[in-house]
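Residue numbers start from 1 in every chain, and the chains themselves are labelled A, B, ... in the order their sequence lines are given, proteins ahead of strands.
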Number of protein chains: 2
Amino acid sequence: MDTALDGAVRVFCERGYHATSIGDLTAAMRLATGSVYKAFRDKHAVFLAAFERYAALRGEQTRAAAARGENGRERLRNVLLSYVEHSQGLEGRRGCIVVGSAVELSAVDPVIRARVTAQLMTNEKFIAGLIREGQADGSIPAHVEADDTARLMICMTQGLRVVGKARLPLDGERLAGVAMKLLA
Amino acid sequence: MDTALDGAVRVFCERGYHATSIGDLTAAMRLATGSVYKAFRDKHAVFLAAFERYAALRGEQTRAAAARGENGRERLRNVLLSYVEHSQGLEGRRGCIVVGSAVELSAVDPVIRARVTAQLMTNEKFIAGLIREGQADGSIPAHVEADDTARLMICMTQGLRVVGKARLPLDGERLAGVAMKLLA
DNA sequence: TTGATTAGGAAACAATCATTCCCTATTATG
DNA sequence: CATAATAGGGAATGATTGTTTCCTAATCAA
């Protein structure tokens with residue numbers, strides 16, 4: 001089931017919702033048409049399930065990146081670096097299903113829009129938390145506005161996925177280095 | 001012709017390429033099916049023309065925002081503020097056709113991907129130019145890396161459109177204030 | 001082993017899509 | 001004024017879409 005969903009994630013990330021036909025889905029999930037409709041009510045339900053799987057997987061990866069830091073500042077830096085890496089290469093070209101949903105569906109699908117905003121809020125809270133951790137351990141100045149900075153960083157990360165999908169090269173060290181100025 | 005294209009821009013921004021049917025297009029352009037196909041070869045050509053019109057209009061607005069600044073730093077700040085404003089409210093909900101094209105089409109349509117990357121490069125060069133102007137007039141420190149900073153700012157602006165489309169509130173003064181730290 | 005239940009697959013379905021064709025006004029030209 | 005030329009509109013057309021239905025094969029219980 002999860003491996004089938006991974007296929008759905010892949011094709012939905014790459015082509016988005018509307019450009020992905022049931023034929024594309026069955027090929028990517030290695031399932032026949034009838035089997036897909038046995039497991040899910042309709043295409044929309046497959047997409048929602050793929051979204052959940054994507055969010056869970058990416059959440060793990062981001063938390064793992066943060067865990068590799070000794071203090072708040074380093075954890076945040078690792079998270080930013082991780083975002084840049086995931087915005088590049090094959091995965092970058094493939095794209096992010098959260099960004100794709102926000103851009104393609106949030107104007108016409110309230111259910112998905114709510115899920116997208118919830119995800120963005122979760123990610124933003126996570127970053128704001130890292131900033132506050134850094135302020136508590138002394139690695140980030142106390143005068144930094146955690147919420148505003150976190151929101152701007154969310155914009156950066158989402159934008160990285162857009163730019164990465166357009167295949168512009170992204171240098172993790174350089175970009176993260178510049179972005180860390182926001183914590184001055 | 002331009003007013004018809006404005007309608008196409010509106011509906012393509014809001015729903016993207018694939019979710020916009022010819023019926024949606026004819027309604028937005030106030031033209032019948034046959035008339036659209038008299039003026040354009042196919043749907044793809046309409047989209048490309050709408051992209052060009054959007055890019056021209058937004059380019060004007062951005063240059064106008066920059067013109068209202070006394071030095072490089074202020075011009076850049078006005079550009080960032082302008083981006084935040086355009087990412088909010090009705091226009092923010094509607095979305096950016098460049099971001100939409102990058103996310104929805106750049107993986108499967110080389111023509112549009114090339115147009116998108118060209119637009120991103122143009123915008124990035126414009127911002128890098130403003131940074132260098134600021135360094136020349138003394139409003140921005142010379143040690144700022146113009147190209148890296150410009151690329152990160154492009155990510156920010158594209159991300160603003162993603163977040164704005166998901167309808168998260170964006171405070172221009174606060175976000176621009178934080179972003180200006182990148183010029184320290 | 002037999003019978004029942006379920007997972008999986010392929011063809012058929014109605015609806016919608018982009019596109020073409022043809023007709024009607026309207027404008028411009030001689 | 002008459003006529004050629006064009007812009008615009010709407011119905012018809014294949015192709016493709018998402019979905020349903022029916023059939024086969026496999027799995028588990030008794």
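Residues from residues 12-33 of chain B that place a heavy atom under 4.0 Å from any atom of DNA chain C, listed by number: B/T20, B/S21, B/I22, B/T33.
Minimum atom distance to the side chain of A/S35 is reached by C/dG9, of the listed C/dG9, D/dG9, D/dG18. You'll find that the side chain of B/K38 is closest to D/dG8, out of D/dG8, D/dT19, C/dA18.
Among residue pairs with one or both ends in residues 17-44 of chain A, those qualifying as salt bridge (charged side-chain N to carboxylate O under 4.0 Å, His left out) are A/R15-A/D24; sequence neighbours excluded. Under the side chain to side chain donor-acceptor pair (under 3.5 Å) criterion, the residue pairs touching residues 103-115 of chain A are A/H18-A/E104, A/H44-A/D109, A/E52-A/R115, A/R115-A/Q119, with sequence neighbours excluded.
Once rounded to the nearest 0.5 Å, the distance linking CG of A/L170 with OG of A/S87 reads 6.5 Å. Annotation: the span from A/N123 atom CG to A/R151 atom CZ amounts to 12.0 Å, rounded to 0.5 Å.
Judged purely by distance below 3.5 Å, without hydrogens or angles, the side chains of B/R161 and B/Q158 never pair a donor atom with an acceptor atom.
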Kindly indicate, with the supporting measurements, whether the criterion salt bridge (Lys or Arg N to Asp or Glu O under 4.0 Å) is fulfilled by A/R77 and A/E173.
CA-CA 10 Å; A/R77 183 183 147 82; A/E173 293 295 331; 2.7 Å; yes

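One interatomic measurement links the two molecules: NZ of A/K43 to P of D/dG18, which rounds to 4 Å at whole-angstrom precision. Computed from coordinates, the B/Y37 OH to C/dT20 C1' distance equals 9 Å when rounded to whole Å.
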